[in-house]
Amino acid sequence: MKTLKIRDLTLRDGQQSSFATRMTQAQIGRVLPHYKDAGFYAMEVWGGAVPDSVMRYLGENPWDRLEKIHAEVGSASLLTALSRGRNLFGYQPYPDNIIEGFCKESIASGLGIMRIFDALNDVDNVASTIKYVKKYGGIADCAVCYTIDPKYPPLTLAQKLRGKKTPTPVFTDSYFLDKVLQMTALGADMITIKDMSGLIPPRRVHDLVTLFKKHISVPVDFHTHCTPGYGLASVVAAMAAGVDVVDTNIWSFAGGPAAPALELVWVFAKKMGIKLDINMSAVTAINNELVSIRQELADFDAVKCVAKPFDPTKDTLPAEIDALFDKAVAAALEGDEDTLVDACHKIEAHFGFPPPNELVKNAEIPGGMYTNMVAQLKQLGNEEILPRAMELIPRVRLDAGLPPLVTPTSQIVGAQAVNCAMDEKNGKPLYTTKSVQFVNLVKGEYGKTPVPVDPAFREKITGSPVEATYDTSKHQMQPNPALEQCGGMKLAENQKEMLLLELFPIVARDFLTRTKCQRYEAKAEATRKAEEAARIAAQPKVEPITGPTVNAPLPGRVLEFLVKPGDTVTEKSDVFVLEAMKMENNIVAERAGVVKRLLVEPDSNVAAGAPVVELE
């Protein structure tokens with residue numbers, strides 16, 4: 001029986017896709033005891049937007065998050081993170097010393113697998129991370145970003161007569177296999193088909209898994225999303241093709257913009273004779289906690305569509321739904337894509353998962369890219385030109401070298417399509433308005449594009465026809481000043497903090513300044529309290545007054561005492577001299593007795609009626 005491994009995405013990609021990466025460390029801590037027992041091959045807990053978001057919005061330290069999860073889970077599951085090759089988590093290429101330091105510290109903090117991808121599928125951009133992940137004992141999981149050729153507008157008769165042809169498809173099976181072979185040659189320990197947009201249909205992923213399994217010996221993982229409606233069906237097709245690992249989310253964080261639900265994959269695996277070494281009772285316990293956490297994150301819920309409760313270990317499927325699972329399995333094994341997709345849609349609809357996003361499916365672009373374009377046009381007050389901006393995407397993408405649509409190239413292409421649509425509306429030539437990022441993409445600073453950029457177009461956009469790749473030798477480290485307001489401590493005091501400063505200059509600077517000042521103030525307050533406690537402890541203990549006393553009749557200053565402890569006094573004996581109202585007054589005892597003690601020091605100010613001498 002074949003065993004399928006599961007990479008759980010709930011604590012990183014799941015919460016990032018559906019809840020804007022707002023899970024706090026305290027919320028994560030509530031589910032970790034159950035994760036330790038769940039038996040996942042891997043847990044994606046870090047990378048992506050997590051390091052930025054936990055500093056920016058939650059005031060938490062990203063390294064603490066990774067270390068605390070590792071301390072709780074231990075070796076029960078491999079912890080995994082997502083990084084953008086030479087760009088790591090940022091948007092600029094970093095030199096090898098930063099990449100090495102990042103890989104070293106990540107693995108020392110508990111990371112087991114680094115999933116490495118490049119927005120252009122430029123293998124040169126992932127080489128250094130592969131090398132350093134392996135150097136420090138981690139697993140290098142290299143992802144090839146799935147993308148498709150754009151739908152080019154039909155050629156007009158005039159264009160055909162001029163000899164213009166529709167561009168030849170680029171993103172063929174051979175293209176993807178070539179990337180995979182290059183990455184395994186560099187030492188990739190596993191390969192992921194990364195379908196960040198959810199655009200890969202079942203038949204295509206079946207073919208790619210089959211092709212990869214034929215030509216490489218390392219495990220193949222499949223990662224997708226449910227936004228356009230292919231997600232679950234494509235996972236089932238990948239399982240039928242013999243994929244080694246699939247990425248899933250736990251029920252309450254699954255579906256919609258996120259990955260398919262593990263619980264549905266578990267049912268499919270049972271029907272397909274595939275073994276999952278997962279403790280589903282522990283998964284149910286995790287989900288019970290996630291139900292509450294989702295309610296706490298309601299303000300950030302991207303879909304606000306909650307699936308019906310379902311425990312596959314206890315709940316019986318209705319006969320018609322069980323039949324749909326069987327129908328989907330048969331369709332997957334027979335390569336009947338339409339029937340497989342239809343059955344999976346009906347299964348997800350039964351449980352109340354979000355329906356497919358038809359706009360994203362028809363546009364064949366990532367959901368995030370589409371929403372960014374809508375937001376940009378709304379900000380400009382020109383929502384009506386969205387259709388034209390969508391039409392321009394294929395042209396902009398081809399002009400820029402046909403980059404895959406994944407962060408950050410999806411945002412760059414989408415924003416430029418909007419700029420071009422605005423130029424056109426304002427009667428200006430296309431590309432009159434262009435972003436710095438688009439210029440850098442065309443220049444070559446992000447790496448090699450899938451097809452070469454036309455030198456004439458590059459000159460039009462950048463001022464030079466010559467490709468200018470990035471030069472990390474000119475990289476300047478971020479300044480690390482002493483914080484005078486925090487007692488002169490350094491902004492970044494160790495390698496991990498320096499890395500945060502390099503990767504997230506503005507966010508990390510604010511976060512580190514805030515946390516350092518809080519720590520300094522807390523330390524100063526603790527010192528003040530300790531000094532006050534020591535002062536109080538050093539003071540002699542004051543015995544309670546038990547005998548009769550000689551009191552100050554007026555407020556004033558005790559100039560001197562005329563008696564000492566042990567002296568015998570009689571009624572009307574002078575006891576001390578009190579300066580009051582610029583006059584010196586001898587204060588006498590009102591009764592006879594023996595002086596027990598003097599209650600104040602000479603030169604002390606006293607209030608009217610204050611006891612000054614105690615008698616026995």
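- Side-chain contact check for K104 versus K135: every heavy-atom pair is 4.5 Å or farther apart.
- With hydrogens and angles ignored, the 3.5 Å screen pairs a side-chain donor or acceptor of H225 with a backbone N or O of P257.
- For D244, the salt bridge (Lys or Arg N to Asp or Glu O under 4.0 Å) partners are K2, K213, not counting sequence neighbours.
- In terms of the salt bridge (Lys or Arg N to Asp or Glu O under 4.0 Å) criterion, D13 has no residue partners (sequence neighbours excluded).
- For the residue pair N357 / T227, no side-chain donor-acceptor distance below 3.5 Å is found, with atom types taken as modelled.
- Ion pairing between E100 and K131 fails under the 4.0 Å rule for side-chain N and carboxylate O.
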Salt bridge (Lys or Arg N to Asp or Glu O under 4.0 Å) between R7 and D141: does it pass, once the steps are laid out? CA-CA 12 Å; R7 184 191 314 237; D141 170 19; 2.7 Å; yes
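- Comment: E289 does not engage R294 in a salt bridge, judged by the lack of any side-chain N to carboxylate O separation of less than 4.0 angstrom.
- Residues L262 and F40 are in side-chain contact: their nearest non-hydrogen atoms beyond the backbone lie under 4.5 Å apart.
- One distance of note links CD1 of I321 with NE2 of H350; it measures 4.5 Å at 0.5 Å rounding.
- A donor-acceptor pair under 3.5 Å is absent between the side-chain atoms of K179 and the main chain of C145, judged by distance alone.
- Considering OG of S128 and OH of Y94, their distance stands at 14.5 Å, rounded to 0.5 Å.
- Judged by distance alone, the side chains of T224 and K194 never bring a donor and an acceptor atom under 3.5 Å apart.
- For the pair K346 and D342, the salt-bridge criterion is met [side-chain N within less than 4.0 Å of a carboxylate O].
- Annotation for T129 and S83: closest pair CG2-OG, 4.4 Å, computed over non-hydrogen atoms.
- The closest side-chain heavy-atom distance from Y146 to L208 is below 4.5 Å.
- For the atom pair L503 CG and R84 CZ, the distance stands at 10.5 Å (nearest 0.5 Å).
- Using modelled atom types, one side-chain atom of R22 and one backbone atom of A20 make a donor-acceptor pair closer than 3.5 Å.
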Show the numbers, then the answer: is there a salt bridge (Lys or Arg N to Asp or Glu O under 4.0 Å) between K5 and D277? CA-CA 7 Å; K5 294 179 178 179; D277 286 327; over 6 Å; no
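- A heavy-atom distance below 4.5 Å is not found between the side chains of Y446 and P93.
- Taking 4.0 Å as the cut-off between side-chain N and carboxylate O, E521 and K516 do not count as a salt-bridged pair.
- Between the side chains of Q15 and T21, no donor-acceptor pair of N or O atoms lies under 3.5 Å.
- Two residues are said to be in side-chain contact when any heavy atoms from C-beta on lie closer than 4.5 Å; V283 and I250 meet this criterion.
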Intermediate values then yes/no, side-chain contact (heavy atoms from CB on, under 4.5 Å), F353 and W251: CA-CA 10 Å; F353 284 104; W251 193 260; 3.6 Å; yes
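- With sequence neighbours left out, E44 forms a salt bridge (Lys or Arg N to Asp or Glu O under 4.0 Å) with R12.
- Looking at every heavy atom in both residues, A332 comes nearest to V236 through CB-CG1, 3.8 Å.
- Under the 3.5 Å distance criterion, the side-chain polar atoms of T80 are matched with a main-chain donor or acceptor of I113.
- Under a 3.5 Å cut-off, the side chain of S53 and the backbone N or O of V50 do not form any donor-acceptor pair.
- Aromatic rings of F89 and F102 (six-membered ring for Trp) have centroids within the 6.0 Å cut-off, being under it.
- Remark: D64 engages no residue in a salt bridge (Lys or Arg N to Asp or Glu O under 4.0 Å) (not counting sequence neighbours).
- Nearest heavy-atom pair across D315 and P309 is OD2-O, 4.4 Å.
- Inspection of the E105 and Q495 side chains reveals no N or O donor paired with an N or O acceptor under 3.5 Å.
- Taking OG of S17 as the start and CG of N249 as the end, the distance is 7.0 Å to the nearest 0.5 Å.
- Without hydrogens or angle criteria, D8 side chain to M43 main chain gives no donor-acceptor distance under 3.5 Å.
- Listed for the K134 side chain is a donor-acceptor partner under 3.5 Å among the backbone atoms of G187.
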May I have the step-by-step check of side-chain contact (heavy atoms from CB on, under 4.5 Å) for L11 and F253, ending in yes or no? CA-CA 9 Å; L11 302 183; F253 277 38; over 6 Å; no
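- Judged purely by atom type and a 3.5 angstrom limit, E348 has no side-chain atom pairing as donor or acceptor with the backbone of P355.
- Inter-residue side-chain proximity for I69 and L66 is flagged as unmet; no heavy-atom pair is nearer than 4.5 Å.
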Show the numbers, then the answer: is there a side-chain contact (heavy atoms from CB on, under 4.5 Å) between L264 and F351? CA-CA 10 Å; L264 298 181; F351 287 110; 3.7 Å; yes
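- No more than 12 heavy atoms of other residues, nucleotides or ligands sit less than 6.0 Å from atom NZ of K314.
- The SG atom of C344 lies 8.0 Å from the CZ atom of F325; values are rounded to the nearest 0.5 Å.
- In this structure, N125 and Y470 have side chains that are in contact, with non-hydrogen atoms separated by less than 4.5 Å.
- Under the 3.5 Å distance criterion, the side-chain polar atoms of D195 are left unmatched by any main-chain donor or acceptor of H223.
- The two atoms that bring C142 and A188 nearest to each other are SG-CB, 3.5 Å, heavy atoms only.
- Not a single donor-acceptor pair under 3.5 Å links the side chain of D221 to the backbone N or O of I191.
- Qualifying side-chain hydrogen bond (donor to acceptor under 3.5 Å, both in side chains) partners for T147, counting only residues two or more places apart in sequence or in other chains: R397.
- Listed by chain and number, the residues in a side chain to side chain contact (heavy atoms under 4.5 Å, CB included) with K270 are W266 (sequence neighbours excluded).
- Taking CD from Q25 and CD from E60, the interatomic distance works out to 6.0 Å, rounded to the nearest 0.5 Å.
- For the pair N61 and W63, the tightest heavy-atom approach, listed with the atom from each and the gap, is OD1-N, 2.9 Å.
- Here the closest non-hydrogen pair linking L120 and P404 is CA-CD, 3.8 Å.
- Contact annotation: the side chain of V218 never approaches that of D189 to less than 4.5 Å [non-hydrogen atoms, C-beta and beyond].
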